[in-house]
Amino acid sequence: MEAYALGPARRGRRRTWAAGSLLSWAAIFLFISAFLVRVPSSVGHLVRLPRAFRLTKDSVKIVGSTSFPVGNRTAQITSTGSLVFQNFEESMSGIYTCFLEYKPTVEEIVKRLQLKYAIYAYREPHYYYQFTARYHAAPCNSIYNISFEKKLLQILSKLLLDLSCEISLLKSECHHVKMQRAGLQNELFFAFSVSSLDTEKGPKPCTDHNCEPSKRLFKAKNLIERFFNQQVEILGRRAEQLPQIYYIEGTLQMVWINRCFPGYGMNIQQHPKCPECCVICSPGSYNPRDGIHCLQCNSSLVYGAKTCL
């Protein structure tokens, strides 16, 4: 779709905005102004979208000027000729062109200037910690292993409740492991992830800088490490026989993982100012899953493609 807007910034000047694609979403404002200075032929801008955003298939055509308001709430033309987006949606990404007409003096002919802007929606990566740990276990067909697994997840979830972080079990397997001196023994292999929730969805709304996902995840990591270290300390102080199920010291491992949402990817060559941003995939590319790169797809003609059709 195309969007056109006429806006006289000053007497004798006229600006026309044309765009390749448009839409709208949550309280994001983008100000784009064209000035009579020497600028690159194309300037890139990133517009952040909220984590809970979902793509819609609605298309919008915008026509307006400072004297004739735009006919919807997604864009406005200011008195200085700036194009202002409100509630930016991912399919509003595209190439925007500003046509500026002006006369330096009354005697001179009309001069025209054309500026192009590449606007890309972006989202913060979906980053999280992935943990693995091993426990000495009951026989692999024992119901005690299943009940222990549920109890462990309940304890970890309660531990991170105030941080608005979520524990997700990725894998739980029981294996017979041959030890050099102890012979065969049963071990539980746990893999779980810890990710941050939106603070407004948590039990305690939070607004300061400590609510940043990275800060909350770092605190969650420290709490989990302390929890497993305490298990080792408690076992070391036991005088009686070890329990049937217990944590095996030194087996807790963790890794920091970055992922982009489907339809987004990282590209340091195309977006050098924000190399770790998950930017919407341009036409000719797509990302079907939670990878970090947009894959080539010549038949993809839209921004944010999740399939190659």
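Every heavy atom of this structure was used, including side-chain atoms; hydrogens, water molecules and symmetry mates were not.
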Please find out if less than 6.0 Å separates the ring center of [X] from that of [Y].
X	Y	answer
Tyr128	Phe192	no
Phe88	Phe85	yes
Tyr246	Tyr135	no

To the nearest 0.5 angstrom, please state how far the [atom1] atom of [X] sits from the [atom2] atom of [Y].
X	Y	atom1	atom2	value
Leu152	Tyr247	CG	OH	11.5 Å
Asn287	Cys260	CG	SG	7.0 Å
Asn186	Cys140	CG	SG	4.5 Å
Met254	Phe131	CE	CZ	5.0 Å
Ser282	Tyr120	OG	OH	4.5 Å
Ser193	Lys171	OG	NZ	13.5 Å

* Ion pair Arg112/Glu101, N-O distance below 4.0 Å ->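 Between Glu101 and Arg112 there is a salt bridge, with a charged N closer than 4.0 Å to a carboxylate O.
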* To do: Using a strict 4.0 Å threshold on nitrogen-to-oxygen distance, state whether Lys221 and Glu225 make a salt bridge.
  =>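 Glu225 and Lys221: salt-bridged.
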* **Side chains of Tyr264 and Val279 in contact at under 4.5 Å (non-hydrogen atoms)** =>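 Heavy-atom side-chain distance check fails, nothing below 4.5 Å.
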* Do Ser195 and Cys165 come close enough that some side-chain heavy atom pair is under 4.5 Å? ->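 No - every pair of side-chain heavy atoms lies 4.5 Å or more apart.
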